[in-house]
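Whatever order the structure lists ligands and atoms in, that order sets their numbers, starting from 1. Sequential numbering from 1 along the given sequence is applied to the chain's residues.
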Amino acid sequence: MTEATNELVKLSAAEMGAAIKKGDVSSRELVDAHLAVIEAAEPSIKAFLKVSGDVAREQADAFDAKSADEKAALPQLAGVPIAIKDMIVTKGIETTAASKILEGWIPPYDATVIEKLKAAGMPILGKTNLDEFAQGSSTEHSAYQTTHNPWDTDRVPGGSGGGSASAVAAFEAPLALGTDTGGSIRQPGALTGTVGVKPTYGGVSRFGAIAMASSLDQIGPVSRTVLDSALLQEIIGGNDRRDSTSIPEGPRPMVAAAREGAKRDLKGVKVGLIKELSGDGFQAGVSARFNEAVDKLKEMGAEVVEVSCPRLEYALGAYYIIMPSEVSSNLARYDGMRYGLRVMPPAGVPQTAANMMAYTREAGFGDEVKRRIILGTYALSAGYYDAWYGSAQKVRTLIIEDFKKAFEQVDVLVCPTSPTTAFKLGEKTSDPLAMYMNDIATIPANLAGVPAMSIPAGLSDDGLPVGFQFIAPQQRDEVMYKPAAALEAALEEDWNGPIWKDLKAPWLDGLAGSAK
Ligand code: GLN
């Protein structure tokens, strides 16, 4: 290894891939370096539910043993390790969705995205923590552990994909996969200073993604740079006959768009500021960084106009009807018969199948999941269906129309990703509504099925990362990558390097092979 562990893990995934291709580093060395960071960081970060070190080493060795020609034919990220949100099914590696109801479940198959990562020679470092069944905005609803934000370990990393975001922010993994139903990739991205992408609905196969709300769920990349997400999305994207909502066309040219953006010329790009998602309700430090970033876009030649999407006001309300309705139906499969936990009724209670299911579900699901199952069951019940689910679906159509109209005027929409920076652990756990408000700016893209991404826009006055969100038209994911890469390049010039240089990561000090 030419570089010390704590320098190696700070490379971007694209740089790691290039170093592998040049023969400067092996996949095994990269895996070992990240496993060393994981060991040092996990006591304070707790991003991983399971570290699959043996699997990763085996995969890395198999990759390293390939011939030069075989390696050259693989994607740029070949040999680069990755962490996987425990909402995605991995053959032979326990998959729990951070729920007690799935404890001990070893899937007999891989999700399509995992098959694709394996084909690309990317070793799997482990499974990352999340709010149980991806339901939450802080990762505090995991049945197993609470993940901490690497920028301030007294604070949440966001959710539900706080494990993937923290792992990437803490240099435990250069890349991760997340799932985003209402913001679970982008909001943790904002709170941890990472890049998080929700692709167009249907752009990445959902086969093997544990279903939360199927009309909203989408798997996407978590990374430290825009280019890294583009490279990863091109690997995991594309049609899959095992997902009936998968788009027939292959992935869009996102890598080319990111490389084009890095030239920092945005002449001809029309950017729309979403009027309803700015100002009031957003923390002052968030708005300040957002506005400065918008000025950067203008300096690079973008034309910036304000755009109104009046019906976005109702997005949160519609989401918290549609999502629980789908949750209640998707989670009906956890009945103690087929997977994971089974709790038999105590002596004296009739030992019926119905009682077994009731005891299993009572013991296996946490409070937040139960809250949503009950809400959803109510919203779908006869007599209330039209008033609740039916109305919410109509609102969804109006939101789709708002975006359509907006994209007749502009190429890409922007707003802050999250109204606040990372909040304190425990601050919002007893107030579900306060927790739900986190998703106000991320949910609309899920309801409309359009692609969106969050990139770091700097640190707020409190020293914590702020996220900047780009939203693009459906099936035009590349459209957001260009301005995102341009903004990243411009901001990094101002900061004299990536946002990471301000992260104190004491777990990197004292690693074997560390630079002094
Ligand atoms: N925070 C949102 C929720 O709790 C988003 C979840 C997600 O995207 N998986 O529903």
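- When each atom of ligand 1 is checked for a heavy atom of Met212 under 4.0 Å away, the hits are 9 (N), 10 (O).
- In terms of protein heavy-atom proximity, atom 2 (C) of ligand 1 is closest to Asp439 OD2, 3.1 Å.
- With respect to atom 6 (C) of ligand 1, the closest heavy atom belonging to the protein is Ser184 OG, 2.9 Å.
- Between Tyr334 and Phe365, the ring planes lie perpendicular to each other; the angle is over 60°, past the 30° to 60° tilted range.
- Ser223 and Thr225 are not linked by any side-chain donor-acceptor pair at a separation below 3.5 angstrom, with hydrogens and angles left out of the test.
- A donor-acceptor contact shorter than 3.5 Å is absent between the side chain of Gln218 and the backbone of Lys198.
- Close N/O approach between Gly183 and ligand 1 is found [any backbone or side-chain N/O within under 3.5 Å].
- Set against the non-hydrogen atoms of Gly182, the atoms of ligand 1 under 4.0 Å away are 5 (C), 7 (C), 8 (O).
- Contact annotation for Ala134 and ligand 1: heavy atoms of both the backbone and the side chain come within less than 4.0 Å of the ligand.
- Those atoms of ligand 1 that come under 4.0 Å of a heavy atom in Asp180, given as number and element, are 8 (O).
- Around atom NZ of Lys91, no more than 12 heavy atoms belonging to other residues, nucleotides or ligands sit under 6.0 Å away.
- Residue contacts with ligand 1, taken as heavy atom pairs separated by less than 4.0 Å, do not involve Glu368 at all.
- A distance-only check finds no donor-acceptor pair linking the side chain of Asp228 to the backbone of Arg224 [under 3.5 Å].
- Residue Asp280 places its CG atom among 12 or fewer non-hydrogen atoms of other residues, nucleotides or ligands, all under 6.0 Å distant.
- In this comparison of Met323, Arg372, Lys198, the heavy atom closest to atom 4 (O) of ligand 1 sits on Arg372.
- Here the heavy atom of the protein found nearest to atom 10 (O) of ligand 1 is Tyr319 OH, 2.6 Å.
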- Task: Applying ring-ring contact (aromatic ring centres under 6.0 Å, His included), run through Phe207 and Tyr109 and close with a yes or a no.
- Result: CA-CA 10 Å; Phe207 179 78; Tyr109 69 104; 5.6 Å; yes

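- Only side-chain heavy atoms of Tyr320 come within less than 4.0 Å of ligand 1; its backbone N, CA, C and O stay farther off.
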